[in-house]
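Data block below; observations after.
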There are 2 protein chains.
Amino acid sequence: MSKPATASPIDLGPAPCCTPLAQERIPAPVAGVLAHAFKALGDPIRLQLMSMIASAPGGEICVCDLTPAFTISGTTVSHHLKVLREAGLVDAERRASWVYYRARPVLMRQLSALLAVDAPVPA
Amino acid sequence: MSKPATASPIDLGPAPCCTPLAQERIPAPVAGVLAHAFKALGDPIRLQLMSMIASAPGGEICVCDLTPAFTISGTTVSHHLKVLREAGLVDAERRASWVYYRARPVLMRQLSALLAVDAPVPA
DNA sequence: CGTCAAACTCGACACATGTCAAAGCCAGCG
DNA sequence: CGCTGGCTTTGACATGTGTCGAGTTTGACG
């Protein structure tokens, strides 16, 4: 919306970020990539999906365990998972008849570091 | 905030989060509030604005210093700042003819903590 | 008071997004 | 081989979002 936005899957390449937002101004190209990830987290259902995936015992969870946790259709859950996948936040693997999702800690850590704020500023 | 009519900032209530995504599943209502904040960061321009504000010397920056940094109209910058304001990520204060923005570290820290991932996978 | 500049609000538009139903794919099973 | 069940893709629709131009508010300065 602000940009044409690359439609192709995101290439994180060599760690695009790591310096906290509050320390150094983000270059425009990097902002574009990271905004994609934040946008993916900017939906209540996707945030819950992300939480369920990241906190799953064994580090992975089957779609068949995710879907019944919501009132929306399986089609829509699949759509949201695709968004998370294309944002580089999760990874999918098919085993037998089921598809398992797991979180990608690298990007999560980068986003976390980006929002980090050092010592509470003394008034 | 001082006087600026203050649209309605979202009600963060008493610290809605703090437990990392990967440790505990997020309750639906909390996800709704936090997704709002992430959505606000989910735009390249807003992410850059956030960065410029948070990294500004003195902790604050004038809109007149933000606007010329982009190619979009001042109207649109104003719109994006409103989104950040309503998400609880920044605070605005009018002094003389200018409006100054500063980051709200509390929410930033919460979001950062939410995305935190413990020990790098040993295996 | 009149004027000017900074920033916000309003109205309108094009495009993106969330949602579902229906159809397609894949793997296992009879 | 032909089913059946799990998941994704496709197509379609209503709503949301980014963008701008024009108008409005606020404060400063003659």
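As the structure is a computational prediction, the values presented were derived from the model and not from experiment. Naming: A, B, ... by sequence-line order, numbering from 1 per chain.
Within residues 53-65 of chain B, no residue places a heavy atom under 4.0 Å from DNA chain D.
How far CE of A/M108 is from CG of A/L41: 8.0 Å, rounded to the nearest 0.5 Å. Note that CZ of B/F38 and CG of B/L115 are 4.0 Å apart. Values are rounded to the nearest 0.5 Å. Rounding to the nearest 0.5 angstrom, the gap separating the NE2 atom in A/H80 from the CD1 atom in A/I45 is 4.5 Å.
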Review item, side-chain donor-acceptor pairs of residues 71-79 of chain A, under 3.5 Å, at least two apart:
residue : atom : partner : partner atom : Å
A/S73   : OG   : A/T76   : N            : 3.3
A/S73   : OG   : A/T76   : OG1          : 3.1

Margin query: So if I define the base as every atom that isn't primed, P, OP1 or OP2, how would nucleotides 18-30 of chain C read as a B/S/- string at a heavy-atom cutoff under 4.0 Å?
Written below: SBBBB----SS--

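At whole-Å resolution of the value, CG in B/L66 and C1' in C/dC8 are 15 Å apart. Counting to the nearest Å, the C1' atom of C/dA7 and the CG atom of B/L81 are 10 Å from each other. To the nearest angstrom, P of D/dG27 lies 13 Å from CH2 of B/W98. If you measure from atom CG of A/L49 to atom C1' of D/dC7, you get 14 Å, rounded to the nearest angstrom. Distance, B/Y100 OH to C/dC8 P: 13 Å, rounded to whole Å. Put simply, CZ on A/F38 is 20 Å from C1' on C/dT17, counting in whole angstrom units.
Side-chain N/O atoms of A/Y101 include one lying less than 4.0 angstrom from OP1 or OP2 on D/dT8.
Not counting sequence neighbours, the partners of B/Q23 by the side-chain contact (heavy atoms from CB on, under 4.5 Å) test are B/T19, B/P20, B/D118. With sequence neighbours left out, the side-chain contact (heavy atoms from CB on, under 4.5 Å) criterion links A/A92 to A/R85, A/V99, A/Y101.
For residues 48-65 of chain B, the pairs satisfying side-chain hydrogen bond (donor to acceptor under 3.5 Å, both in side chains) are B/E60-B/R95, B/E60-B/R102, with sequence neighbours left out.
The shortest side-chain heavy-atom distance between B/L66 and B/I53 falls under the 4.5 Å cut-off.
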